[in-house]
Amino acid sequence: MYGWIWRHLPGNAWVRGVISLVLVLAVVYALFQYVFPWAEPLLPFNDVTVDA
Amino acid sequence: MGLSVRLVVRTLSELCITVGTVIVLFVVHVMFWTGIKADSATAAQVDLLRRAWVDQPLPPATKAPEATGTLTPQPYAAGKGIAVMYIPRLGEDWEWPVLEGTAPATLKKGLGHYASTARLGATGNFAVAGHRRTYGDPFKDFPSLRPGDAVVLTDGATWYTYRIERKPYRTVPTDTGVIDPVPRPLRKNAAGFDGPGRYLTLTTCEPEWGSSHRLIVWAHLDATQPVTQGKPPSLTG
């Protein structure tokens, strides 16, 4: 999977390294900004109120 | 043949490593990142309240707050700050904004006032929910609360000092009687109130990282003083 991505990135090893880093950072950003805030209420830490 | 088996095994391994990394990142998010976000969100809410209070007319210092009933108070606006809470037992610099409502988005920015319950300082039950863990862990040390501990709130005009009645009461999430105007928990006499009064209820989850139960403490209004007289003794002492 990662090998396939690496082979399909343009440029020499340095350029590919930089692009990979940017891709990793973009994925981590998306996780923290969108995915985790969505997933977190599915866990029980938010249930602090009494309700029927 | 040998090559494709290798490809499948390698792809599976890479997927497992990826999933593992995402889980570790999620734990970092829940344990640390929500706290960092809550720090700035609560500080901003306290700041907003203090700015609003600068422009707010003060009630005459000679009158008790209930005597100023001629000034019809503004209804609380959902998601907006209404007071700042201090509980010295939970730390000298324990300071949290109380916002109107208990929606998940509201509880990320501070403690939440149950919209159906009484106003701060009024007859009835001013009930407040807060996170035990995540989003700044406001009620992490909830079990250490003891009878006589002060819960101090200010709405910019008045300091309200509530006193905790009993050790935290552990109950089930459906025990909604705990936030009644005169608290009526499932276990009779757990609250110990037998008539109307100016009460306060705090609720959070139990166990720390779970949601099977709730922890509750009750308090009654012990003293009020106008902000012009400075901080109440339980904060300065």
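A, B, ... follow the sequence lines: proteins, then strands. Residue 1 opens every chain.
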- residues 26-42 of chain A vs chain B, non-hydrogen distance cutoff under 4.5 Å, contacting residues -> A/V28, A/L31, A/F32, A/F36, A/P37, A/A39, A/E40
- Query: If you measure only the distance, is there a donor-acceptor pair under 3.5 Å linking the side chains of B/T117 and B/N125?
  - Reply: no
- Thinking salt bridges, do B/R132 and B/E206 make one under a 4.0 Å N-O criterion? yes
- Query: If every non-hydrogen atom of B/C205 is compared with every non-hydrogen atom of A/V48, which pair is closest and at what distance?
  - Reply: N-CG1, 3.9 Å
- Message: Ignoring hydrogens, what is the shortest heavy-atom contact between B/R163 and B/D222? Give both atom names and the distance.
- Response: NE-OD2, 3.3 Å
- Query: Given the side-chain rings of B/H113 and B/F126, with only the six-membered ring counted for Trp, is the space between their centroids under 6.0 Å?
  - Reply: yes
- Task: Considering non-hydrogen atoms only, spot the tightest contact between B/T161 and B/S234 and give its length.
- Result: CG2-OG, 3.7 Å
- Using distance alone, with no hydrogens and no angle criterion, decide if B/T203 and B/Y114 have a side-chain donor and acceptor under 3.5 Å apart. yes
- Query: Which of residues 78-111 of chain B get closer than 4.5 angstrom to chain A, counting heavy atoms alone?
  - Reply: B/T102, B/L107, B/K108
- May I have all residue pairs that pass salt bridge (charged side-chain N to carboxylate O under 4.0 Å, His left out) and include part of residues 19-48 of chain B, sequence neighbours excluded? B/D47-B/R51
- In this structure, CG of A/D51 is separated from OG1 of B/T176 (nearest 0.5 Å) by 8.5 Å
- Item | B/F139, part contacting chain A, at a heavy-atom distance under 4.5 Å | neither
- Under 4.0 Å between a Lys/Arg side-chain N and an Asp/Glu carboxylate O for B/D137 and B/R133? yes
- Go through the side-chain N and O atoms of B/T18 and A/Y2 and say whether any donor and acceptor fall under 3.5 Å apart. yes
- Looking only at non-hydrogen atoms, find the nearest pair between B/F26 and A/L43 and report the distance. CE2-CD1, 3.2 Å
- Would you mind checking which part of B/V22 comes under 4.5 Å of any heavy atom in chain A, side chain (CB onward), backbone (N, CA, C, O), both or neither? both
- Verify whether one side chain among B/Y169 and B/D175 offers a donor that lies under 3.5 Å from an acceptor in the other. yes
- Segment of B/I179 engaging chain A (4.5 angstrom heavy-atom cut-off): side chain
- Message: With a strict 4.5 Å heavy-atom criterion, list every residue of residues 209-218 of chain B that contacts chain A, or say none.
- Response: B/W209, B/G210, B/S211, B/R214, B/I216
- Item | Heavy-atom pair with the smallest gap, counting every atom of B/G136 and B/A38 | N-CB, 3.8 Å
